[in-house]
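Here the structure comes first, spelled out in structure tokens, and everything after it is commentary.
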Amino acid sequence: MGLHLYDTASRAVRPFHPKTPGEVGIYLCGATVQGSPHIGHLRSSIAVDILRRWLERSGQRVTLIRNVTDIDDKILAKAADAGQPWWAWAHRYEREFSEAYAALNVRPPTYEPRATGHITEMVELMESLVDRGHAYPGDPGNVWFDVRSWSDYGELTHQRPENLVSEEDGVEPPADKRDPLDFALWKAPKGGEPETAAWPTPYGRGRPGWHLECSAMARKYLGESFDIHAGGIDLRFPHHENEQAQSRAAGWGFAGHWFHNAWVTVSGEKMSKSLGNSLIVGEVLREADPVLLRYALSAVHYRSTLEYTPGVSLIEAGAAWERITGFVSRAIQIDDGAAGPVADVALPEGFASAMNDDVNVSAALAVVHETVRAGNSALAAGAAATQEALAARGMLDVLGLDPLDPHWAAASGSDASRAALDVLVRAVLDERARARAEKDWARADALRDRLAEAGVLVEDGADGARWSLR
RNA sequence: CGUGCUGUGGCCGAGUGGUCGAGGCGCCGGUCUGCAAAACCGGAGACGCGGGUUCGAGUCCCGCCAGUACGUCCA
């Protein structure tokens with residue numbers, strides 16, 4: 001069975017076939033860099049990272065475009081409140097996002113375009129839409145998309161325009177807007193907004209509306225039609241609906257598959273600033289190992305709501321992770337072939353079919369754990385577990401979680417410090433071995449406790465003691 | 001109100017209509033061990049409620065309850 005993916009537009013799991021065999025284009029709505037990334041933002045990028053890794057593992061060449069929205073109302077407002085240039089504000093948080101992605105081993109996209117770098121492409125699209133009769137200029141600087149002119153409007157989220165008319169918002173729509181449903185392609189500067197946040201267009205100076213950038217950039221880098229458009233489920237409407245409407249109204253095919261990930265909840269509620277329950281990545285990582293956060297954010301199927309319980313989710317991830325890394329390191333001890341490259345290792349059938357079934361990571365992880373158990377059984381029986389270790393690592397690599405991935409290995413210290421520590425710990429363990437030989441259990445236990453206080457975990461085995469940091 | 005989603009053991013979470021159901025955490029017992037840890041073996045424990053379709057439903061349909069997302073310049 002080849003890869004099947006759920007498609008939001010058709011509300012069904014469909015076979016995935018790239019438009020060009022062997023090559024996959026993915027557009028991911030990245031961050032609006034108005035604030036620090038929280039773990040919900042990261043879930044989206046991890047879900048796509050896993051999809052991308054699996055596609056590549058399956059022999060596809062993937063072009064992944066993840067944009068940065070570096071101009072919008074909130075960025076302007078927050079920067080103004082803080083007395084900073086909007087571009088400085090945006091870039092500060094763009095860097096925070098980049099650091100968060102890197103910390104969680106999210107591989108960089110093929111390209112990461114910024115909205116402000118694509119004004120020309122946006123203006124071209126806008127002109128095309130006006131020419132085709134699907135958009136109209138309003139007050140100077142304002143350009144609106146004419147929703148009623150596009151009969152397929154609502155096809156992505158299966159809504160009828162007549163049901164979309166908001167009830168009583170109390171807010172009067174702008175006078176130059178012909179229909180309340182129309183959305184902005186271009187916005188005239190509001191009072192007090194800086195000159196640097198406006199660009200000239202045939203319709204007056206202004207700045208991009210929220211949706212236009214993604215249509216323009218997706219076309220520039222992936223073409224008029226491309227394979228997968230990804231993003232958080234809350235972007236379906238209005239953002240993606242509008243993107244699709246304006247792109248298709250311009251005559252483009254746009255996305256073949258819509259890949260939307262569910263959100264992260266804390267205590268059953270979506271993270272949001274107003275609830276004050278946002279878990280900022282930087283703060284979580286201050287006391288948590290990034291690999292555990294990645295594990296926790298990966299383990300649940302991407303379309304299921306992920307219930308994140310502080311103090312529980314990471315501990316559970318930690319238990320699973322220790323089990324996996326413990327097995328891998330034991331397997332390597334018996335045969336360092338288990339530390340070999342995994343790029344071409346054959347993966348278990350069950351894993352492949354789980355991944356092909358709409359990227360079912362939960363089911364795939366079950367295969368990983370079964371493999372680990374089989375490997376541990378082999379080790380317990382005195383055999384080597386090289387094949388099991390390589391298979392487990394190969395599967396984990398698809399999830400970005402190979403324990404020997406240099407990204408994670410680097411976090412555990414340099415080789416030199418590691419070697420120095422090993423000499424010191426060995427000295428204590430040798431002393432403890434002598435005490436044990438003399439059946440001086442009190443002394444042996446005291447030495448073990450000393451090491452434990454320093455964070456060194458000692459485990460006795462048939463062929464001596466092993467130590468690890470915890 | 002409209003468009004959706006979710007409800008599976010103490011917790012997190014898979015699940016194709018058909019031997020009542022994966023995996024992880026936790027718990028209980030056992031093996032190993034000076035003890036511990038790890039590992040392995042075994043065990044207890046669940047399909048929101050009510051109807052319907054079917055020979056047979058966690059799995060399809062309807063209703064209800066509960067929670068939740070989005071509904072135009074607001075991830």
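Just the heavy atoms: all of them, side chains too, but no hydrogens, waters or symmetry mates, feed the values below.
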Next on the checklist: Taking only side-chain N and O atoms of A:Gln159, does any of them lie within less than 4.0 angstrom of OP1 or OP2 on B:C70?
Outcome noted: no
Item to check | Pairing annotation in dot-bracket form, given for RNA chain B with Watson-Crick or G-U pairs under 3.5 Å and | for cross-strand partners | outcome: (((((((..(((.....[....))).(((((.......)))))....(((((..]....))))))))))))....
Item to check | Under 4.0 Å protein heavy-atom contact, by nucleotide of nucleotides 32-40 of chain B - B base, S sugar-phosphate only | outcome: --BBBBSSS
Next on the checklist: Using whole Å, what does the distance between atom C1' of nucleotide B:C25 and atom CH2 of A:Trp321 come to?
Outcome noted: 17 Å
Checklist entry - Within the modelled atom types, does a donor on one side and an acceptor on the other bring the side chain of A:His240 and the base of B:A75 under 3.5 Å apart? => result no
Item to check | A:Leu212 side, atom CG; A:Arg207 side, atom CZ - distance, nearest 0.5 Å | outcome: 13.0 Å
Checklist entry - If each of A:Gly40 and A:His369 is mapped to the nucleotide of RNA chain B with the nearest heavy atom, which maps nearer the 5' terminus, i.e. the 5' end? => result A:His369
Item to check | B:U8 to B:G23 separation - C1' atoms, rounded to the nearest Å | outcome: 14 Å
Checklist entry - Given the side-chain rings of A:His257 and A:His229, with only the six-membered ring counted for Trp, is the space between their centroids under 6.0 Å? => result no
Next on the checklist: Can a side-chain donor-acceptor contact be found between A:His134 and A:Ser149 if the only test is distance below 3.5 angstrom?
Outcome noted: yes
Item to check | Rounded P spacing from B:A22 to B:C47 in Å | outcome: 14 Å
Next on the checklist: My understanding is that only residues two or more places apart in sequence, or in another chain, count here; which of them pass salt bridge (Lys or Arg N to Asp or Glu O under 4.0 Å) with A:Asp402?
Outcome noted: A:Arg393
Item to check | Close approaches to RNA chain B from residues 391-403 of chain A, in residue order (heavy atom, under 4.0 Å) | outcome: none
Next on the checklist: Going by salt bridge (Lys or Arg N to Asp or Glu O under 4.0 Å), name the pairs with one or both residues in residues 232-250 of chain A, residues two or more places apart or in two chains.
Outcome noted: A:Glu155-A:Arg248, A:Asp234-A:Lys270
Checklist entry - Can you list every ring pair (Phe, Tyr, Trp, His ring centres under 6.0 Å) pair that touches residues 349-384 of chain A, not counting sequence neighbours? => result A:Trp54-A:Phe351
Next on the checklist: Checking A:Arg436 now: which residues fulfil salt bridge (Lys or Arg N to Asp or Glu O under 4.0 Å) with it, not counting sequence neighbours?
Outcome noted: A:Asp460
Checklist entry - Are A:Phe259 and A:Tyr6 an aromatic pair by the rule of ring centers under 6.0 Å? => result no
Checklist entry - With sequence neighbours excluded, what pairs up with A:Arg466 under the salt bridge (Lys or Arg N to Asp or Glu O under 4.0 Å) test? => result A:Glu459
Next on the checklist: In whole Å, measure the gap between the P atoms of B:C49 and B:C1 for me.
Outcome noted: 25 Å
Item to check | B:C5 and B:G51, which share atom name P, separated by this distance in whole Å | outcome: 25 Å
Item to check | Whole-Å P distance, B:U31 and B:A46 | outcome: 28 Å
Next on the checklist: Using 0.5 Å steps for rounding, measure from the CG atom of A:Leu104 to the CG atom of A:Leu401.
Outcome noted: 10.0 Å
Checklist entry - Separation of A:Ile71 atom CD1 from B:A75 atom C1', in whole Å? => result 17 Å
Item to check | A:Arg148 NZ/CZ over A:Tyr153 ring centroid, <6.0 Å and within 45° of normal | outcome: no
Next on the checklist: Expressed as a whole number of angstroms, how long is the span from A:His211:NE2 to B:A75:P?
Outcome noted: 10 Å
Checklist entry - Looking across every strand, which nucleic acid part, if any, lies under 4.0 Å from A:Asn242 by heavy atom: base, sugar-phosphate, or nothing? => result base
Checklist entry - In whole Å, what separates the C1' atom of B:G56 from that of B:U16? => result 15 Å
Item to check | Base versus backbone protein contacts along nucleotides 11-18 of chain B [heavy-atom cut-off under 4.0 Å; B, S, -] | outcome: BSSSS---
Checklist outcome for this item: Of A:Ile315 and A:Arg11, the one whose closest nucleotide on RNA chain B sits nearer the 5' end is A:Arg11
Item to check | B:C74 OP1/OP2 closer than 4.0 Å to side-chain N/O of A:Lys74 | outcome: no
Checklist entry - What residues, two or more places apart in sequence or in another chain, satisfy ring pair (Phe, Tyr, Trp, His ring centres under 6.0 Å) together with A:Phe145? => result A:Phe183
Next on the checklist: Would you measure the distance from the P atom in B:C40 across to the matching atom in B:G48 and give it in whole Å?
Outcome noted: 32 Å
Next on the checklist: Taking only the C1' atom of each, what is the distance from B:C25 to B:G45 in whole angstrom?
Outcome noted: 14 Å
Next on the checklist: Using the side-chain hydrogen bond (donor to acceptor under 3.5 Å, both in side chains) criterion, which residues pair with A:Thr69? Sequence neighbours excluded.
Outcome noted: A:Asn67, A:Glu213
Item to check | Pairs where residues 33-54 of chain A contributes a residue and the test salt bridge (Lys or Arg N to Asp or Glu O under 4.0 Å) is met, not counting sequence neighbours | outcome: A:Asp49-A:Arg53, A:Asp49-A:Arg294, A:Arg52-A:Glu56
Item to check | Whether A:Trp258 and A:His260 hold their rings parallel, tilted or perpendicular, with breakpoints at 30° and 60° | outcome: parallel
Checklist entry - Whole-Å distance between B:G23 P and A:Leu365 CG? => result 13 Å
Next on the checklist: Using a heavy-atom cut-off of 4.0 Å across all strands, would you classify A:Glu370 as base, sugar-phosphate, or nothing?
Outcome noted: sugar-phosphate
